[in-house]
Amino acid sequence: MVTVIVGLVVVGIGDYVFFDGSSSGLDKNTVLAGDLLIVLAQIITAVQMTVEEKIMKRYKIQPLQGVGWEGIFGFSTLTVLLIPMYFIPWHLPASSDFWQERTSFEDTIDAFHQWGYSAEVLVASLGLVFSIAFFNFAGLTVTKTMNATTRMVLDT
């Protein structure tokens, strides 16, 4: 564990100290913010795996039931969040070559239109849902039979 932390610190410091922003157009603060977001994401994932393991062992939750509850929670949360995200103004930078008709953070209505008019997008979306469900089922099965540490090793 100490080796991993030392490695992360060395890479982060090296990323910040030896940064040459002339080729990428980014400044040091942007790179530092990106590094901090990566570390924060790792901390959140570690907490999630630990809490999942404790809940599964304490309440005797089966992996398939856990995947179902995670799906219900995620669907409910994102459904509620999509409403305000539709009204948050946002646009791509002016230098972008991407054409953008609406300037909202998330255009849910357009997503439904794309599902209705493109079978490929609908099949890809459903495939993504089932892929994530099977991945989470496999992960929760490993967590239940072994532990969260083994799951994280197998997830990477």
Side-chain angles (χ1 to χ4, degrees), residues 4-5 8-9 11-12 14-16 19-56 59 61-144 148-149 151-156:
V4 172
I5 292 173
L8 286 171
V9 169
V11 169
D15 199 19
Y16 191 73
F19 176 72
D20 178 23
S22 60
S23 62
S24 64
L26 301 173
D27 62 349
K28 282 188 176 186
N29 291 333
T30 304
V31 173
L32 182 62
D35 289 346
L36 291 176
L37 284 173
I38 291 170
V39 171
L40 181 64
Q42 293 299 315
I43 291 169
I44 290 171
T45 301
V47 169
Q48 176 189 354
M49 295 303 136
T50 305
V51 169
E52 277 182 3
E53 181 178 8
K54 288 182 183 260
I55 288 173
M56 289 185 74
Y59 298 109
I61 302 288
Q62 295 301 314
L64 193 56
Q65 184 182 11
V67 170
W69 281 115
E70 284 182 1
I72 290 170
F73 176 78
F75 180 80
S76 304
T77 303
L78 291 179
T79 300
V80 169
L81 289 177
L82 281 176
I83 296 167
M85 290 165 92
Y86 182 77
F87 297 102
I88 296 173
W90 181 82
H91 60 84
L92 292 171
S95 62
S96 176
D97 294 330
F98 185 76
W99 176 72
Q100 186 177 4
E101 185 176 324
R102 280 204 37 91
T103 57
S104 62
F105 188 71
E106 189 65 47
D107 194 349
T108 310
I109 296 170
D110 184 47
F112 285 121
H113 282 274
Q114 289 180 24
W115 281 345
Y117 292 111
S118 175
E120 292 88 0
V121 173
L122 180 61
V123 169
S125 298
L126 292 174
L128 181 66
V129 167
F130 284 108
S131 171
I132 291 170
F134 283 119
F135 180 80
N136 286 341
F137 175 71
L140 288 178
T141 302
V142 169
T143 300
K144 182 159 182 77
T149 306
R151 176 184 179 178
M152 288 312 302
V153 170
L154 294 175
D155 274 359
T156 56

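Because the structure is a prediction, the values reported are computed rather than measured. Every heavy atom of this structure was used, including side-chain atoms; hydrogens, water molecules and symmetry mates were not.
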Margin query: Regarding E53 and R151, does a basic nitrogen lie under 4.0 Å from an acidic carboxylate oxygen?
Written below: no
Output for pair (L64 CG, N136 CG), nearest 0.5 Å, gives 11.5 Å
With S76 as partner, the option from T79, L78, I72 fulfilling side-chain contact (heavy atoms from CB on, under 4.5 Å) is I72
The reported gap from CD1 in I83 to CD in E106 (rounded to nearest 0.5 angstrom) is 13.0 Å
Nearest heavy-atom approach of W115 to V121 is CD1-CG1, 3.7 Å
Interatomic distance, CZ@F135 vs CG@L128, rounded to 0.5 Å, equals 12.0 Å
Distance col, row K54:NZ vs T50:OG1, nearest 0.5 angstrom, shows 7.5 Å
Closest non-hydrogen atoms of P63 and T141, given as atom of the first, atom of the second and distance, are CB-OG1, 3.5 Å
The reported gap from CG in L140 to NZ in K144 (rounded to nearest 0.5 angstrom) is 10.0 Å
Inset, instruction - Using the side chain to side chain contact (heavy atoms under 4.5 Å, CB included) rule, take L36 and L40 through it: C-alpha gap first, then chi angles, then the decisive distance, then the call. - result: CA-CA 6 Å; L36 291 176; L40 181 64; over 6 Å; no
Would you say the side-chain atoms of S131 pair up with the backbone N or O of G127, donor to acceptor, closer than 3.5 Å? no
Heavy atoms of T108 and Y86 approach each other most closely as N-CD1, 4.0 Å
Separation between CD (Q62) and CZ (F137), nearest 0.5 Å, reads 9.0 Å
